[in-house]
Amino acid sequence: MSTVVIENAYIAPVVGEEIANGHLVIENGRIAALGSGAAPAIEGAERIDGTGTLVTPGLVNTHHHLYQWATQGLFQDATLFEWLTGLYRIWARMDAEAVYGAAAAGLGWLALTGCTTSTDHHYVFPKGRGDLFAAEITAAREVGIRFHPCRGSMDRGQSHGGLPPDECVETTDEILAHTVEMIDTYHDASFDSMLRVAVAPCSPFSVSETLMRESAALARAKGVRLHTHLAETLDEEEHCIEQMGCTPVEYMERIGWLGDDVWFAHAVHLHDKDIQRFADTGSGSAHCPTSNARLGAGIARVKDLLAAGAPVGLGVDGNASSEMTAMAGEMRQALLFQRAVHGPKALTARQALEIGTLGGARNLGRHNEIGSLEVGKLGDIAMWRVDGFYAAIDDPVCSLVFGPTPPLARLLVGGNTVVDNGELRTADQERLAQAGVEARRRFLREDS
């Protein structure tokens, strides 16, 4: 029996009362007990002294593009469509080695910033460049966090009215066949799964209606989740009205893409009726505040979505539009942006923590497994140092969310240590960092 005991810590379980001086026990990867006061004596247990730490669920990242680690800092003052147009030509050069390097660096960085579960939305598959999907899965297994790779796709290039160049798109049949293969090869639906696959056409302006409909049917036949970009910019709404005759959310409803098995990236420009439809259908959204600000896309209506009862999680988004963004820092960004628009009561520190944990778990359909500290759930734990300078703030949750992210004392996935005192323990973090640098060189070479 593998047992870990955390003691003398401030515990913020997200669900239930916070414990000012408490303990938490993980047995065989699951939370077996938590409570106030001293931990029970358990023979052979690994005991972690949590004095001066805040214990929270591990953070859940519900939108990312890991390959973009290799193209950070480019097109710094561009709109979304300008940024995409400029980068697609570079991304078309990717190969499996570059994708591995970017994913290894990106996932290592996520772990070092408190993330225990991450998605990835990979939708660029240039021909003859190796097994790109397997490359990022290899990286995730090395880092040791739970991974939800989303088999993205584009079948609507510029010659058919889409945004991406034709060399970046695939045929509908190729996409569907490969998606089935990836689900059959990798998807694990078990309770403690480290790897689940989602179906994720890129966006309404790069994917045909046929592929959108067929993807939804495929995902539901296979029992996996659906993901896509939606309503990120006003340009997208204009595009949808011009080409589809309706708004982005109306289009999603028309083609069967609303439901509690779906979550959308961004969802910035929603009408009141859209928010109500999200709530009525259980459709989730991944709020990506840093990326949306960097590209000038706007601020998602998180306050209104939460008030309506719609699922909301957080996403770092690809690092090409959120350079070096820390997962924990997105909680702060979400809180500040909502308050900037709606006032100081718009979002609390604890609501920000909830969307970064349990809200993300709801997006991924894993809210019964991860996202809160409850007996029976998986032992995915982040421990933050809130002593030292941070002790000037009496409320540890405020320390985590309001200011710069506190140091990460320990990160556990299923009770296994991934980060200890700010250092990766599952992989050589200097090697991962260098792999990210090498990936950038591969992307940017002119002869590739």
Side-chain angles (χ1 to χ4, degrees), residues 60-65 117-123 148-154 175-176 179-180 182-183 187 189 196-232 236-237 240 244 246-271 273-288 300-302 304-306 308-315 317 355 358-369 371:
V60 180
N61 176 30
T62 62
H63 187 63
H64 210 324
H65 307 292
T117 298
S118 182
T119 61
D120 186 57
H121 189 185
H122 191 100
Y123 56 86
H148 284 237
C150 306
R151 206 300 182 180
S153 55
M154 300 187 292
I175 290 163
L176 295 172
T179 302
V180 169
M182 293 303 95
I183 295 169
H187 183 71
R196 292 186 185 169
V197 177
V199 179
C202 181
S203 64
F205 50 82
S206 59
V207 173
S208 68
E209 182 173 331
T210 297
L211 180 56
M212 291 296 291
R213 290 183 181 275
E214 290 293 323
S215 294
L218 169 59
R220 285 163 181 153
K222 290 288 188 179
V224 302
R225 298 183 77 76
L226 283 164
H227 182 52
T228 193
H229 296 95
L230 191 73
E232 185 173 358
E236 180 184 330
E237 175 144 333
C240 281
M244 288 83 165
C246 59
T247 67
V249 175
E250 288 171 342
Y251 179 58
M252 291 296 104
E253 183 155 34
R254 188 174 83 193
I255 61 175
W257 261 73
L258 296 185
D260 61 6
D261 58 348
V262 181
W263 86 103
F264 299 106
H266 306 298
V268 174
H269 297 282
L270 299 181
H271 303 280
K273 63 180 180 180
D274 299 334
I275 290 172
Q276 192 57 53
R277 290 303 294 144
F278 274 32
D280 290 344
T281 59
S283 304
S285 60
H287 178 39
C288 305
R301 297 176 61 182
V302 171
D304 297 330
L305 285 161
L306 292 175
V312 180
L314 286 180
D317 202 7
I355 64 175
L358 190 57
R362 288 179 70 191
N363 275 350
L364 302 184
R366 302 197 71 167
H367 48 288
N368 293 321
E369 305 163 59

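The first residue in the sequence is number 1, and the count goes up from there. Bear in mind the structure is a predicted one, so any value in this text is a computation, not a measurement.
- Across every non-hydrogen atom of A200 and C150, the tightest pair is CB-CB, 3.5 Å.
- The minimum heavy-atom distance between R254 and C246, with the atom names listed, is NH1-SG, 3.8 Å.
- Within the structure, the salt bridge (charged side-chain N to carboxylate O under 4.0 Å, His left out) test picks out the following pairs touching residues 256-266 (sequence neighbours left out): R220-D261.
- The side chain to side chain donor-acceptor pair (under 3.5 Å) test applied to S118 returns N61, not counting sequence neighbours.
- Listed by chain and number, the residues in a side-chain contact (heavy atoms from CB on, under 4.5 Å) with S208 are D155, T172, T210, L211 (sequence neighbours excluded).
- Note that CG of L258 is 5.0 Å distant from CD of E253, once rounded to the nearest 0.5 Å.
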Evaluate the side chain to side chain contact (heavy atoms under 4.5 Å, CB included) criterion for residues V262 and T281: first the C-alpha distance (whole Å), next the side-chain angles of each, then the deciding distance (0.1 Å), finally the verdict.
-> CA-CA 9 Å; V262 181; T281 59; over 6 Å; no
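- Between V60 and G360 the shortest heavy-atom distance is CG1-C, 3.7 Å.
- Heavy-atom minimum distance, V199 versus T179: CG2-CG2, 3.8 Å.
- In this view, R366 and H148, E369 satisfy the side chain to side chain donor-acceptor pair (under 3.5 Å) rule, not counting sequence neighbours.
- Every residue two or more places apart in sequence or in another chain was checked for a side chain to side chain donor-acceptor pair (under 3.5 Å) with S215, and none qualifies.
- Scored by the side chain to side chain donor-acceptor pair (under 3.5 Å) test, S206 finds S203 as partners (sequence neighbours excluded).
- With sequence neighbours left out, the salt bridge (charged side-chain N to carboxylate O under 4.0 Å, His left out) criterion links E214 to no other residue.
- Looking at residues two or more places apart in sequence or on another chain, you find no side-chain contact (heavy atoms from CB on, under 4.5 Å) involving N368.
- The shortest heavy-atom contact between G282 and P311 is O-CG, 3.6 Å.
- At least one donor-acceptor pair under 3.5 Å links the side chain of R225 to the backbone N or O of N363.
- Sorted by first and then second residue, the ring pair (Phe, Tyr, Trp, His ring centres under 6.0 Å) pairs with a member in residues 204-228 read H63-H227, F81-F205, H121-H227, H227-W263; sequence neighbours excluded.
- For E237, the salt bridge (charged side-chain N to carboxylate O under 4.0 Å, His left out) criterion is met by no residue, not counting sequence neighbours.
- Checked by atom type and distance alone, the side chain of H229 pairs as donor or acceptor with a backbone atom of C202 at under 3.5 Å.
- Partners of R362 according to the salt bridge (charged side-chain N to carboxylate O under 4.0 Å, His left out) rule, which considers only residues two or more places apart in sequence or in another chain, do not exist here.
- Residues satisfying the salt bridge (charged side-chain N to carboxylate O under 4.0 Å, His left out) criterion with R301, sequence neighbours excluded, are D272, D304.
- Summarising the geometry, atom OG1 belonging to T228 is positioned 10.0 Å from atom NE2 belonging to H266; distances are rounded to the nearest 0.5 Å.
- Under the 3.5 Å distance criterion, the side-chain polar atoms of T62 are matched with a main-chain donor or acceptor of L314.
- Scanning all heavy atoms of the two residues, the minimum distance from G284 to F278 falls at O-CE2, 4.3 Å.
- Using bins of under 30°, 30° to 60° and over 60° for the plane-to-plane angle, the ring pair H65/Y123 lands in the perpendicular bin.
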Verdict with reasoning, H271 to V249, per side chain to side chain contact (heavy atoms under 4.5 Å, CB included) = CA-CA 9 Å; H271 303 280; V249 175; over 6 Å; no
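- Checked for salt-bridge contact, D274 and R277 miss the test: no charged N lies under 4.0 Å from a carboxylate O.
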